[in-house]
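Structure, as structure tokens:
Throughout, protein chains are lettered first and strands after them, A, B, ... in sequence-line order, and every chain is numbered starting at 1.
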Protein chains: 4
Amino acid sequence: MNPRGEDNPIRVGVLGAQGRMGAQVVKAAGGAPDMTVVATLDAGDDLAALTEAGAEVVVDFTHPDAVMGNLEFLVANGLHAVVGTTGFSEERLETVRSWLAGKPEVGVLIAPNFALGAVLAMRFAQQAARFYESVEVIELHHNRKADAPSGTAAHTARLISQARREAGLKPGADATTSELDGARGARVEDVHVHSVRLPGLVAHEEILFGQEGETLTIRHDSMDRTSFMPGVLLGVREVLGRPGLTVGLENVLDL
Amino acid sequence: MNPRGEDNPIRVGVLGAQGRMGAQVVKAAGGAPDMTVVATLDAGDDLAALTEAGAEVVVDFTHPDAVMGNLEFLVANGLHAVVGTTGFSEERLETVRSWLAGKPEVGVLIAPNFALGAVLAMRFAQQAARFYESVEVIELHHNRKADAPSGTAAHTARLISQARREAGLKPGADATTSELDGARGARVEDVHVHSVRLPGLVAHEEILFGQEGETLTIRHDSMDRTSFMPGVLLGVREVLGRPGLTVGLENVLDL
Amino acid sequence: MNPRGEDNPIRVGVLGAQGRMGAQVVKAAGGAPDMTVVATLDAGDDLAALTEAGAEVVVDFTHPDAVMGNLEFLVANGLHAVVGTTGFSEERLETVRSWLAGKPEVGVLIAPNFALGAVLAMRFAQQAARFYESVEVIELHHNRKADAPSGTAAHTARLISQARREAGLKPGADATTSELDGARGARVEDVHVHSVRLPGLVAHEEILFGQEGETLTIRHDSMDRTSFMPGVLLGVREVLGRPGLTVGLENVLDL
Amino acid sequence: MNPRGEDNPIRVGVLGAQGRMGAQVVKAAGGAPDMTVVATLDAGDDLAALTEAGAEVVVDFTHPDAVMGNLEFLVANGLHAVVGTTGFSEERLETVRSWLAGKPEVGVLIAPNFALGAVLAMRFAQQAARFYESVEVIELHHNRKADAPSGTAAHTARLISQARREAGLKPGADATTSELDGARGARVEDVHVHSVRLPGLVAHEEILFGQEGETLTIRHDSMDRTSFMPGVLLGVREVLGRPGLTVGLENVLDL
């Protein structure tokens, strides 16, 4: 790939540019030395403005109702796409793949989570899983959160559990015979997950692996929404060289 | 109190000197510059050896069946006592007090836990409790432990809960509406307690306090049994100046 | 002290009410069930509005140039004061004391730091200091901070060092014979202090105590400025029952 | 690879079997369901006992003076080797490669560090390095350690620094203008490394990555020497299917 820089910056369009996430994308891409924002659109705007502005990559943080129409236009016009909008069923992904079949040079990246640290933590947890007898997850969030455990922690636990099964590991030994109800946490498949809720916390996840004589801990601390932007910018850079559909930021990290 | 030093070391006797804890006391007191071990006894030995050797303070890590007889002798003979042997009911404590009534100059310290760090952590947790909206406890132990939560963590939680009640605090707000069974831990009074079990861990306790914008964490890590010795030596030094019965190492720390 | 509640809330005035901190005080006191904000003033406003509104306690987050005039007025008119404005020399404190001499029923609390967690962490560190052979401090801040170590960490280290000296402790043993310049941190008196700077961090301090077999860690994490408000509200409540000058939030905590 | 199990366990020989590490290998391999220890030798014993016993994989924790002779024998006789003995220069490695040229089916694994957690932590740190603006390393050890920073921490920092250079990253921004000497730690290439020394600690390493709004932390805690055994056993299993010379446990982990 011809490295892009200040001389020939990536021409970025943003859909949902006035939304909470979109506005941050405009700001982040505008501040990146290797990008220039050439078009910012919102609901009701004519998508043709993207092609007229010469956009190469378009970032979509819009709405499940709008995103499929947007994608159809982008692929048909040969624009690459980075999508943070939610609501992609397997059926929707299949539709996107069918559009891409006719445009093999176009890349589309759809990711439910652009927090690089969270994605890396999950990936490392998956990689470490088969080397340790036991593992537990602690996630800590502010006390306004409704679900316990968090979706990220539950997903992490399932990835770990799958890696352990594939390596033929049995559940970690646990000598607990007397437990006050709930002390040992929730079981997500064979992984214990503990949810702490305190004002003053934001969003934190800790994965603890142990075997005789040593422990390995992977921890991600997320302070605010700006933490998603490096992942979005990375997606913009990477999608240029990755034709076809990619699902999940972890798949463009080349770990 | 006349400070004791190398010139006039405290004369220490040890009961249960060949036991696991007693042997460490002999070693630790023997290595302390302000102490000298003058007598080491075990089951079956004549207690008179203590007075003959001129012991001032006697450390007892023996057995619930033996400790009351030992204490009766020590008090009667004007020897101070530091006791780590377990099994003291309120009735037993009352008996010790009655013996001490006739010997007002003698000091007896009975402590269930000589781990200074654990005692300090509990104390600080008690002190911090009334300043925070919410608090949770995480305790982490090796996976050969039978009970969850640990006795220390449950005790810590009860002390915190009591301090919160006395300050008129209500249980911390918790917006959890969807909980996978056990995720939010065990409830010890109004405090959530989470128990992690992993090989590679030893004995660790973390108390997390939170309010909008900040958290305070107190953590104790115990690696092995030698960690009790500084508490025992402190008890030996302090009991000399504290006539009467004292229960709990925290009560000689002057915090 | 007659406990104040919703029926007879504390009547609070705020000086510097449109300032960054003052605005938060107005909001926080306005939201507290046992307080009511009766006057909000800024530079140029007539202080008489405070007495006219019947304020009992006045919070001052103004400017070193303004605060002495404000305090003279408050004391003369029998209003209690909670002051977060900086720049109090010993000479200024002496002046405040002289004003209070003629108004023995008035309370003034001047505090350089209203972050409860930071104040508690320092206090606990001071209390724990004499029980441990060694101690080190790690402080972690965002990478826009100009000084290393932080003022809070340096102050904490000095308090610890003083407590160690008073207990007759020597500097902790350190076998380092081969050190890459700076690896062992800065020495603040006899305490090693390490400063970490990373984007993504906010303001964090960790005090680690160690002796054979165990460590005790006290950690404070501050996420944002709202974390000062519980300390300010506590000051408002406590100053009512504490006539005279009090310097430092730690002195109203009754630890 | 034909998976080995209780029915056809891997036949393991141990050189240096009475040494500190060797004795643990004998114990660990003896306890593994898929291994059986068929020969245990020490200095002076005839290496022929290994072939007579039908050993397949031989573990060598001996001495730099002995290890080359041992390896020459093992390769010549078609035995696989797992080597923890230190002192391998590039010249020595070249010699081993020349022996293996004539025995292409034999595998030799030479590793300076068998602590799985340390190896994984380093690997993950290398992988994460290019995604973050800034990174610092904190390593914490008991206070009997002579060098600061530790060899592992310095090695980790160099790997991170190399990964950052390869990704074209500049040193992380640092606004420090007023530094008490040493506060910001040692610089290992462009990575700040902080060394904490306290009794009660064992061996711990923490790598902190940060960018606006989030941090990622990888931490390894090593409690004792037994923590090397899972890495050794993994080496024994993996060397069977990896002919030729492999240097470093990380290269058999398939991350």
Side-chain angles (χ1 to χ4, degrees), chain C residues 131-151 153-154 157 171-189 191-202 204 206-217 221 223, chain D residues 131-151 153-154 157 171-189 191-202 204 206-217 221 223:
Chain C
F131 298 111
Y132 282 89
E133 273 175 61
S134 296
V135 55
E136 305 207 357
V137 175
I138 304 174
E139 54 91 353
L140 312 96
H141 283 83
H142 55 82
N143 63 347
R144 297 178 305 279
K145 188 170 183 60
D147 52 324
S150 69
D174 183 351
T176 311
T177 52
S178 161
E179 181 189 358
L180 185 60
D181 201 36
R184 293 285 291 113
R187 273 71 164 180
V188 176
E189 300 185 8
V191 177
H192 291 250
V193 181
H194 309 269
S195 299
V196 176
R197 296 290 174 269
L198 287 176
L201 293 173
V202 187
H204 318 263
E206 199 166 276
I207 305 138
L208 298 97
F209 293 97
Q211 62 195 353
E212 202 52 39
E214 63 139 337
T215 59
L216 177 70
T217 305
D221 293 274
M223 303 303 168
Chain D
F131 298 111
Y132 283 90
E133 273 175 61
S134 296
V135 56
E136 304 207 359
V137 175
I138 304 174
E139 54 92 353
L140 312 95
H141 283 84
H142 56 81
N143 63 346
R144 297 178 306 279
K145 189 170 183 59
D147 52 325
S150 69
D174 184 352
T176 311
T177 52
S178 160
E179 180 189 358
L180 184 60
D181 200 35
R184 294 286 291 112
R187 273 72 165 179
V188 176
E189 300 183 10
V191 177
H192 291 251
V193 182
H194 309 269
S195 300
V196 176
R197 296 291 175 267
L198 288 175
L201 293 172
V202 187
H204 319 262
E206 201 166 273
I207 305 138
L208 299 96
F209 293 98
Q211 63 195 353
E212 202 51 40
E214 64 139 334
T215 59
L216 176 70
T217 305
D221 294 273
M223 303 301 168

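- Between C:Ser150 and C:His141 there is a side-chain heavy-atom pair separated by less than 4.5 Å.
- Of the two parts of D:Val196, the backbone and the side chain both hold a non-hydrogen atom closer than 4.5 Å to a non-hydrogen atom of chain C.
- Options D:Arg187, D:Glu139, D:Glu179 differ in how many heavy-atom pairs under 4.5 Å they form with chain C, and the most are formed by D:Glu179.
- Both the backbone and the side chain of D:Leu208 have a heavy atom closer than 4.5 Å to some heavy atom of chain C.
- For the pair C:Asp174 and C:His192, the minimum side-chain heavy-atom distance is below 4.5 Å.
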Stepwise side chain to side chain contact (heavy atoms under 4.5 Å, CB included) check, D:Ile138 with C:Ile138:
CA-CA 9 Å; D:Ile138 304 174; C:Ile138 304 174; 4.1 Å; yes
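- Side-chain contact between C:Thr176 and D:Asp147 is absent, with no heavy-atom pair separated by less than 4.5 Å.
- Across all non-hydrogen atoms, the minimal contact from D:Arg184 to C:Ser195 is NH1-O, 2.8 Å.
- With a 4.5 angstrom heavy-atom cutoff, D:Tyr132 does not touch chain C via any of its atoms.
- For the pair C:Glu136/D:Leu198, a side-chain contact is recorded, criterion being any heavy-atom separation below 4.5 Å from C-beta on.
- Considering only heavy-atom pairs separated by less than 4.5 Å from chain C, the leading option among D:Pro199, D:Ala154, D:Ala186 is D:Pro199.
- For the pair D:His142/D:Arg197, no side-chain contact is recorded, criterion being any heavy-atom separation below 4.5 Å from C-beta on.
- Using a 4.5 Å cut-off between heavy atoms, D:Val135 touches chain C through its backbone atoms (N, CA, C, O) alone.
- Among C:Glu212, C:Gln211, C:Glu133, C:Arg144, the residue making the largest number of heavy-atom pairs under 4.5 Å with chain D is C:Gln211.
- When each of D:Ala183, D:Gly185, D:Gly210 is scored by its heavy-atom pairs under 4.5 Å with chain C, the top score falls to D:Ala183.
- With a 4.5 angstrom heavy-atom cutoff, C:Glu214 touches chain D only via backbone atoms.
- Between chain C and the residues D:Gly213, D:Ala153, D:Gly172, D:Ala173, the most heavy-atom pairs under 4.5 angstrom are made by D:Ala173.
- Residues C:Ser134 and D:Asn143 form a side-chain contact, since some pair of their non-hydrogen atoms from C-beta on lies under 4.5 Å apart.
- Contacts between D:Asp181 and chain C at a heavy-atom distance below 4.5 Å involve the backbone alone (N, CA, C, O).
- Here D:Thr215 is the residue among D:Val202, D:Thr215, D:Val188 with the most heavy-atom pairs under 4.5 Å with chain C.
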